[in-house]
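A quick write-up on the structure given underneath.
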2 protein chains.
Amino acid sequence: MKGKIFIIEDETSIIQLVQHNLEKEGFVVSSSTNGNDGLKELKKFEPNLLLLDWMLPDLSGIDVCKSLRRDKNFKNLPIIMLTAKGEEEDKVKGLESGVDDYITKPFGFNELMARIKALLRRSDPKTVSDDLIFEDLKLDRTEKRVFRDNNEIHLGPTEFRLLEFFLLNPKRVFSRDQILESVWPNNINVESRTIDVHIRRLRQSINLSGKKELVRTVRSAGYSLS
Amino acid sequence: MKGKIFIIEDETSIIQLVQHNLEKEGFVVSSSTNGNDGLKELKKFEPNLLLLDWMLPDLSGIDVCKSLRRDKNFKNLPIIMLTAKGEEEDKVKGLESGVDDYITKPFGFNELMARIKALLRRSDPKTVSDDLIFEDLKLDRTEKRVFRDNNEIHLGPTEFRLLEFFLLNPKRVFSRDQILESVWPNNINVESRTIDVHIRRLRQSINLSGKKELVRTVRSAGYSLS
DNA sequence: TTAGTTTGTAACAATTCTGTAACATTAAAA
DNA sequence: TTTTAATGTTACAGAATTGTTACAAACTAA
C-alpha cells in the first residue's frame with residue numbers, strides 16, 4: 001500500500017491513532033487541526049485521499065469539501081468524512097457537497113482501513129494494488145501474472161523475478177553484480193554471462209512486434225528498463 | 001540526490017538521527033543548536049534547504065525565519081519547520097512569517113524525506129536529481145544517458161566517463177595526466193595521445209550543427225569544458 | 001515414472017569499443 | 001618566413017562486450 005493521506009480533525013488523539021496506523025500500512029500521512037490551515041497545507045501535500053472531520057473549530061467539513069470541489073486540482077480528490085453520531089441525519093448535505101464516503105465515530109481502525117481501500121481502489125487503483133506498472137507492461141505480484149498491452153505473458157520464475165526487480169526501479173541501470181545479488185537466491189553462484197541469457201529470454205517474452213524494446217543494454221554498465 | 005541542508009534544532013538526538021539519514025541520501029548536512037549561531041553559520045554554509053525547529057533556547061524559529069526573509073540572499077531559501085504538538089495552532093503565524101512547510105514531531109523519516117523532496121522539486125529541481133548540466137548539455141548519471149538540447153546522444157563508455165569528468169568541474173582546465181588518472185581505470189597504461197582521440201570522438205558526438213564547440217583546447221595545458 | 005519446463009553454461013556470431021600509428025593541420029617560436 | 005611542437009583527423013586491427021543458439025542437467029507436475 002502506498003500513497004499520501006491528509007487528515008483534518010481537531011482531536012489530536014484521533015489524529016495520532018489514525019496517523020500511526022496508516023503509516024504502519026505504508027501511507028505517508030500529514031494532518032491539520034482546523035479547516036483553514038488544513039486547506040492550505042493539503043494543497044501543498046497533494047494527498048491521494050482526505051479524511052475530513054465534520055465538526056471543526058473554524059470551517060465545517062462541508063465547507064472544506066465544497067471549497068475543494070471548486071478547485072480543479074481537487075475536484076476528484078477522494079474524501080471520507082468522519083461524523084459523530086448526531087450528525088448522521090445530515091448525510092445528504094454531505095453527499096451533495098461532494099463527499100465520497102462516511103464513517104461514524106467512534107469507528108474501528110479496520111473499518112476505516114476497509115473504506116479507505118475501497119475508495120482508493122475505485123478512484124486511484126495504483127495506490128492499493130501492488131501491481132508494478134511500466135508503460136504498457138503490468139506485473140501483478142499477488143497473482144504472479146504479467147501483461148503486455150493487456151495480453152498475458154508467461155514467464156519462467158527467474159524471468160519473473162528479473163522483471164519484478166527492474167520494475168521496482170525503472171530506468172535505473174543495474175550492473176550484472178547488482179542483478180545477481182538481488183534476483184538470484186543468496187549464496188548461489190552463477191556466471192555473470194548467465195544474466196545475459198535470461199535478459200535475452202525476458203526480452204523475447206515481453207516483446208510485442210511493433211512495440212519498442214523495453215530492456216536497454218548499457219554497454220560496460222549493465223541493463224535497465226527504459 | 002545532492003545539495004546542502006542546514007538544521008537548527010536544540011535536541012542533539014534529533015539532529016544526529018536526521019543528519020545521518022540525510023547523509024545516506026546524499027545530502028551534505030550541517031547544523032546548529034540555537035538560533036543566533038545558526039543564522040551565522042547558515043549564511044556561511046549556503047544551504048539549499050533549512051530544517052528549523054520552532055522552539056529554540058534563544059530566538060524562536062519564527063524569528064529566525066523572519067530574519068532570513070529580510071535578507072535578500074535567503075528570501076527564497078526553502079524552510080521546513082519542525083513543530084511539537086502544542087505549537088500546532090500557531091501554524092498560521094509560521095505561514096505568515098514565510099515558512100514553506102511544516103512537519104509535526106514526532107515524525108517518521110520517510111515523511112520528512114518526502115517533504116524535503118517535494119519542496120526541493122518545486123524550488124530547486126536540480127538538487128533532487130543527480131543530473132550534471134552544462135548549458136544545453138545534460139548527463140543523467142542514474143540512467144546513463146546524455147542529451148544535447150534535449151536530443152539523446154549515444155556515447156561509448158570512455159567518452160561517457162570523460163564527459164562526466166568534465167561536467168563535474170566545468171570550465172576548469174585539466175592536463176592529459178590528470179584526465180588519464182581520473183577517467184581511465186587505475187593501473188592501465190595508455191599513450192597520452194589516446195586522449196586526443198577520445199576528445200575528438202566526444203566532440204564529434206556532442207556537436208550539434210550550428211551550436212558552439214563545448215570542449216576547449218588549451219594549447220600545451222590540456223582541455224576543458226567551456 | 002514420463003513428459004514437459006526451466007536453468008546454467010559453453011560455443012560461436014555480431015557488434016561495439018579502444019588504442020595506436022600515420023599523416024594533416026594549426027599555432028607558437030625562432 | 002621557416003622551423004618546430006602540439007593538436008586534429010582518419011583508418012584499422014584486435015580487444016572487449018553483448019547477442020544468440022543449442023544442449024544437457026535439474027526440476028516439476030501429472
Side-chain angles (χ1 to χ4, degrees), chain A residues 139 144-146 152-166 173-207 209 212-226, chain B residues 143-146 152-166 173-207 209 212-226:
Chain A
L139 182 150
K144 306 245 184 246
R145 288 154 166 267
V146 176
E152 182 158 10
I153 287 167
H154 172 80
L155 294 182
T158 307
E159 279 70 51
F160 185 90
R161 293 199 308 276
L162 188 57
L163 180 58
E164 185 179 22
F165 172 67
F166 279 124
V173 178
F174 293 99
S175 71
R176 290 180 176 68
D177 282 345
Q178 288 177 302
I179 295 174
L180 262 187
E181 281 201 8
S182 310
V183 175
W184 266 257
N186 272 343
N187 59 44
I188 210 163
N189 253 22
V190 291
E191 302 274 330
S192 122
R193 283 307 311 277
T194 301
I195 291 167
D196 300 31
V197 178
H198 282 283
I199 288 280
R200 146 101 170 140
R201 288 171 181 155
L202 177 59
R203 275 178 169 151
Q204 206 162 250
S205 302
I206 68 175
N207 189 59
S209 64
K212 66 175 175 180
E213 190 62 72
L214 287 177
V215 181
R216 181 169 71 115
T217 305
V218 182
R219 195 163 239 261
S220 84
Y223 297 97
S224 78
L225 201 68
S226 80
Chain B
E143 294 188 39
K144 302 230 190 268
R145 290 176 186 275
V146 176
E152 181 160 9
I153 288 167
H154 173 80
L155 296 182
T158 306
E159 279 69 53
F160 186 92
R161 293 198 308 275
L162 189 57
L163 178 59
E164 186 179 22
F165 172 67
F166 279 123
V173 179
F174 292 100
S175 72
R176 289 180 176 67
D177 281 345
Q178 288 176 303
I179 295 174
L180 262 187
E181 280 203 6
S182 310
V183 175
W184 266 257
N186 273 344
N187 59 43
I188 210 163
N189 254 22
V190 291
E191 303 272 330
S192 122
R193 285 306 312 277
T194 300
I195 291 167
D196 300 29
V197 177
H198 282 284
I199 289 281
R200 145 95 172 147
R201 287 170 180 155
L202 177 59
R203 274 176 170 152
Q204 202 164 250
S205 300
I206 68 175
N207 189 59
S209 63
K212 67 174 175 181
E213 190 61 72
L214 287 176
V215 181
R216 184 168 65 111
T217 306
V218 181
R219 196 162 238 267
S220 81
Y223 297 97
S224 80
L225 201 68
S226 79

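Convention: sequence-line order gives letters A, B, ...; per-chain numbering from 1.
For dT7(D), the OP1/OP2 oxygens have a side-chain nitrogen or oxygen of Arg176(B) closer than 4.0 Å. Between Thr217(B) and dG8(D) there is a side-chain N or O to OP1 or OP2 distance below 4.0 Å. For the OP1/OP2 pair of dT9(C) and a distance below 4.0 Å, the side-chain nitrogens and oxygens of Thr194(A) include at least one atom meeting the criterion. Regarding contacts with the backbone of dT9(D), every side-chain N or O of Arg203(B) stays at 4.0 angstrom or more from both OP1 and OP2. Residue Ser220(A) places no side-chain N or O under 4.0 Å from the OP1 or OP2 atom of dT17(D).
Residue Arg201(B) has its side chain nearest to dG19(C) when only dT7(D), dT7(C), dG19(C) are considered. Closest contact between the side chain of Glu191(A) and the listed nucleotides dT9(C), dT7(D), dG19(C) involves dT9(C). When the nucleotides dG8(D), dT20(C), dT6(C) are ranked by their closest atom to the side chain of His154(A), dT6(C) comes out on top. Of the listed nucleotides (dT18(C), dG8(C), dT7(C)), dT7(C) has the atom at the smallest distance from the side chain of Thr158(A). For Asp196(A), whose side chain is taken as the heavy atoms from C-beta onward, the closest listed nucleotide among dT18(D), dT7(D), dA11(D) is dT18(D).
Under 4.0 Å is where a charged nitrogen must lie from a carboxylate oxygen, and between Arg145(B) and Glu143(B) at least one such pair does.
Between Glu213(A) atom CD and dT18(D) atom C1' there is a gap of 13 Å when expressed in whole angstrom units. The distance between atom CH2 of Trp184(A) and atom C1' of dT9(C), rounded to the nearest whole Å, is 13 Å. Atom-to-atom, CG of Leu202(A) to C1' of dT6(C) comes out at 15 Å; the value is rounded to the nearest Å. Between the NE2 atom of His198(B) and the C1' atom of dT7(D) there is a distance of 16 Å, given to the nearest Å. For the pair Asp177(B) CG and dA6(D) P, the computed distance is 13 Å after rounding to whole Å. Whole-Å rounding puts the Tyr223(A) OH to dG19(D) C1' distance at 8 Å. What separates CZ of Arg219(B) from P of dA5(D) is a distance of 12 Å, to the nearest Å. We find that CG of Leu155(B) is positioned 9 Å from P of dC17(C), with the value rounded to whole Å.
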For this session: Just do the ring pair (Phe, Tyr, Trp, His ring centres under 6.0 Å) check on Phe174(A) and Phe165(A) with the steps written out, would you?
Result: CA-CA 10 Å; Phe174(A) 293 99; Phe165(A) 172 67; 4.5 Å; yes
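Minimum interatomic distance between Thr158(A) and Val183(A) (heavy atoms only, all atoms of both residues): O-CG1, 4.3 Å. The heavy-atom pair separating Ser205(B) from Leu155(B) by the smallest distance is CB-CD2, 3.3 Å.
Counting heavy atoms from C-beta on, the side chains of Asp196(B) and Tyr223(B) come closer than 4.5 Å. Using a 4.5 Å heavy-atom cutoff, the side chains of Arg161(B) and Pro185(B) are in contact.
A side chain to side chain contact (heavy atoms under 4.5 Å, CB included) with Phe160(A) is found for one member of Ile153(A), Leu139(A), Leu202(A) and no other, namely Leu139(A). Each of Gln204(B), His154(B), His198(B) was compared with Glu159(B) under the side-chain hydrogen bond (donor to acceptor under 3.5 Å, both in side chains) criterion, and only His198(B) meets it.
The main-chain N or O of Ser175(A) is found under 3.5 Å from a side-chain atom of Gln178(A) such that the two form a donor-acceptor pair.
Between the side chains of Thr217(A) and Arg203(A), at least one donor N or O lies within less than 3.5 Å of an accepting N or O.
Note on the helix from dT1(C)-dA30(D) to dA30(C)-dT1(D): terminal axis deviation equals 30°, with five pairs used at each end and the result rounded to 10°.
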For this session: Summarise how protein sits on nucleotides 25-30 of chain D as a single string, 5' to 3': B when a protein heavy atom is under 4.0 Å from the base, S for sugar-phosphate-only contact, - for no contact.
Result: ------
